[in-house]
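In what follows, chains are A, B, ... by sequence order, proteins preceding strands, each numbered from 1.
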2 protein chains.
Amino acid sequence: MLEPLESLSMTDRVENILREYFEQNAFKPGDSLPNEMEMAKKLNVSRNVVREALSRLRMLGMIETRPRKGMIMSQPDLLTGMEKVLNPFILGTENLKNIFELRLILEMGIAEFLFARKTEKDIEELEAIVSLQSNDFEATKEEEIAFHGKLYEMTGNDTFKRFQILLMPVFNHVFTDYYKEKVHVEISKPVTHRDLLEVMRNGTSFEFREAMFKHLEPYYATSLKKR
Amino acid sequence: MLEPLESLSMTDRVENILREYFEQNAFKPGDSLPNEMEMAKKLNVSRNVVREALSRLRMLGMIETRPRKGMIMSQPDLLTGMEKVLNPFILGTENLKNIFELRLILEMGIAEFLFARKTEKDIEELEAIVSLQSNDFEATKEEEIAFHGKLYEMTGNDTFKRFQILLMPVFNHVFTDYYKEKVHVEISKPVTHRDLLEVMRNGTSFEFREAMFKHLEPYYATSLKKR
DNA sequence: TAATTTCATTTGTAGGACAAATGTAATAAT
DNA sequence: ATTATTACATTTGTCCTACAAATGAAATTA
């Protein structure tokens with residue numbers, strides 16, 4: 001098999017060189033960077049090429065630039081790069097399936113943090129959310145988002161929370177697709193939001209994990225049957 | 001509080017416009033795009049601006065361009081954007097902590113997929129990995145990677161697998177930091193890799209989840225104590 | 001010493017130029 | 001008439017020049 005030889009453009013190469021440069025020299029947020037012309041001279045490329053590379057890094061939030069002042073390192077956000085790409089039309093089916101599963105994995109993994117960080121106020125808020133549901137056995141999409149969203153919040157992990165919220169549209173997209181295919185899918189949930197809340201009040205993280213699994217079981221069935 | 005009003009550059013705006021344009025018109029991988037000059041004309045900006053925006057999308061893998069032929073939509077990779085930003089020096093402590101926890105969450109969430117998709121061959125490979133360990137109670141970093149890496153592989157979810165592997169260096173970075181701070185941290189693992197393997201052979205996914213939690217407990221302790 | 005003005009610097013944007021590659025159209029050869 | 005060769009038009013990648021706007025610093029004035 002012939003290797004897909006990589007013919008990187010100058011811009012690609014400069015982008016890589018800059019990222020390496022920042023890493024090697026342990027650049028930290030706030031550190032100021034050399035100006036564009038200097039970079040172009042040093043690298044022996046045009047300012048255009050340097051600017052295209054910098055533009056990429058700027059998009060990712062790695063650098064910031066106050067016009068006519070200079071460029072400084074900045075704190076990138078882990079997820080912006082991902083966010084921009086989350087478009088169900090261009091993401092492949094394989095990717096979509098993977099994301100669907102990824103979300104199930106995440107939901108199952110948070111029990112410990114929930115129990116370690118839950119407060120009385122959190123429980124009360126959950127109670128309010130659950131009380132608003134008209135039907136215990138079938139939550140609307142909004143109610144699902146409210147309940148599970150609150151759980152993400154309770155983990156106290158902002159990255160996780162944003163991550164989950166980003167994934168949600170994709171999750172719904174995939175699930176709706178599956179749902180359409182089948183004539184009749186069994187979405188009866190043996191464990192309801194109220195049940196989960198009850199376990200959170202009086203149970204253990206162990207019990208909560210099992211309850212959450214039962215709550216998500218229809219989705220798991222959907223996903224695991226698919227391969 | 002005054003809002004940090006957003007003064008977007010032309011490039012930023014064109015980037016957003018293009019992404020919206022692709023989404024609104026349901027562009028799919030393979031679809032060919034108008035050329036740079038046409039875009040510039042339509043948007044009434046210079047080719048430079050268009051090129052900077054396109055360069056960003058190209059980096060994310062949303063578009064591809066075969067020189068002198070034209071540009072086409074392409075299948076972006078969910079994680080490339082994230083990968084480029086994963087630099088412990090510029091990621092803030094808060095981000096690093098969050099990633100550390102995220103990895104714990106992921107490890108706890110995979111049990112169901114493991115049990116649904118494990119094969120005899122997988123078990124054998126795990127057995128081989130565990131057998132190579134010199135000390136059951138304290139795995140080296142390489143042994144940890146081999147064992148857990150095999151688990152990620154067994155989930156059959158490539159995105160998840162890559163995600164975990166991306167997160168690993170950060171995980172180690174954070175844990176090493178914590179470790180240095182404490183005079184003596186108790187890293188005795190009551191549940192070893194061999195124990196996990198045993199549960200995978202003869203146990204249930206329920207039991208596996210609990211075993212995994214005990215296996216990861218020292219890390220959880222590290223993380224939960226920190227807030 | 002304080003207030004104002006001027007200046008130099010640096011990014012953002014525009015626009016022109018040209019090489020290289022590639023598919024296509026036009027031409028030549030059998 | 002069909003095939004092979006050649007020329008051409010198109011489009012991206014790269015370089016270059018130019019200039020406005022903003023900003024901090026320097027210089028000037030009050």
Side-chain angles (χ1 to χ4, degrees), chain A residues 2-19 21-22 27 29-76 80, chain B residues 2-19 21-22 27 29-76 80:
Chain A
L2 294 178
E3 290 190 10
L5 62 91
E6 42 177 312
S7 79
L8 296 181
S9 69
M10 282 299 157
T11 302
D12 291 332
R13 287 167 62 188
V14 171
E15 184 213 321
N16 290 333
I17 287 173
L18 286 179
R19 280 215 319 285
Y21 173 71
F22 296 154
F27 270 80
D31 292 356
S32 69
L33 307 177
N35 67 41
E36 297 175 352
M37 251 328 205
E38 197 174 327
M39 290 182 180
K41 280 259 169 61
K42 284 250 172 67
L43 296 170
N44 197 33
V45 293
S46 76
R47 188 157 86 102
N48 277 6
V49 168
V50 172
R51 275 190 64 83
E52 283 196 21
L54 289 172
S55 183
R56 295 175 175 187
L57 302 184
R58 203 172 306 125
M59 173 186 61
L60 295 177
M62 285 185 74
I63 65 178
E64 237 173 275
T65 153
R66 298 210 252 321
R68 295 105 217 175
K69 229 188 113 186
M71 298 183 305
I72 57 171
M73 267 325 225
S74 134
Q75 284 224 1
T80 37
Chain B
L2 295 177
E3 290 192 7
L5 65 89
E6 41 177 312
S7 80
L8 296 181
S9 69
M10 283 298 159
T11 302
D12 290 332
R13 287 165 63 188
V14 171
E15 185 212 318
N16 291 334
I17 287 173
L18 287 178
R19 279 213 321 281
Y21 173 70
F22 296 153
F27 270 81
D31 294 355
S32 69
L33 306 177
N35 66 42
E36 296 174 352
M37 249 334 205
E38 197 173 327
M39 291 182 178
K41 280 258 169 59
K42 285 249 171 67
L43 295 170
N44 197 34
V45 292
S46 75
R47 190 157 83 101
N48 278 351
V49 168
V50 173
R51 275 190 64 82
E52 284 194 20
L54 288 172
S55 183
R56 294 176 175 186
L57 302 184
R58 203 172 306 129
M59 173 185 63
L60 295 177
M62 285 186 76
I63 65 179
E64 240 172 274
T65 156
R66 300 211 248 326
R68 292 105 219 173
K69 224 188 117 185
M71 296 183 306
I72 57 172
M73 267 326 226
S74 130
Q75 286 225 0
T80 37

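Between B:Met37 atom CE and D:dT10 atom P there is a gap of 14 Å when expressed in whole angstrom units. In this structure, A:Met71 atom CE and C:dT9 atom P are separated by 17 Å, rounded to whole Å. Put simply, CG on A:Leu8 is 10 Å from P on D:dT14, counting in whole angstrom units. Rounded to an integer number of Å, the gap from B:Glu38 CD to D:dT11 P is 8 Å. Taking atom NZ on A:Lys41 and atom P on C:dT10, their separation rounds to 12 Å, with Å as the unit. A straight line from CD of A:Glu36 to P of D:dT17 spans 16 Å, rounded to a whole angstrom. If you take CD1 of A:Ile72 and P of C:dT10, they are 16 Å apart, rounded to a whole angstrom. To the nearest angstrom, P of C:dT9 lies 11 Å from CG of A:Asn35.
Shortest non-hydrogen contact noted between B:Glu36 and B:Val50 is O-CG1, 4.2 Å.
OP1 and OP2 of D:dT11 both lie 4.0 Å or more from every side-chain N or O belonging to B:Thr65. Within the structure, a side-chain polar atom (N or O) of B:Thr11 is placed less than 4.0 Å from OP1 or OP2 of C:dT13.
Residues passing the side chain to side chain contact (heavy atoms under 4.5 Å, CB included) test with B:Leu18 are B:Val14, B:Phe22, B:Met39, B:Ala53, B:Leu54, B:Leu57, sequence neighbours excluded. By the side chain to side chain contact (heavy atoms under 4.5 Å, CB included) test, B:Ile17 pairs with B:Leu43, sequence neighbours left out.
Interatomic distance, CD of B:Glu64 versus CD1 of B:Ile72, reported as 5.0 Å (0.5 Å rounding). Atom CE of A:Met62 is separated from atom CE of A:Met73 by 4.5 Å, given to the nearest 0.5 angstrom.
For residues 44-64 of chain A, proximity to DNA chain C is found at A:Arg47, A:Arg51, A:Arg58, defined as any non-hydrogen atom under 4.0 angstrom from a strand atom.
Under a 3.5 Å cut-off, the side chain of B:Arg56 and the backbone N or O of A:Ser55 do form a donor-acceptor pair.
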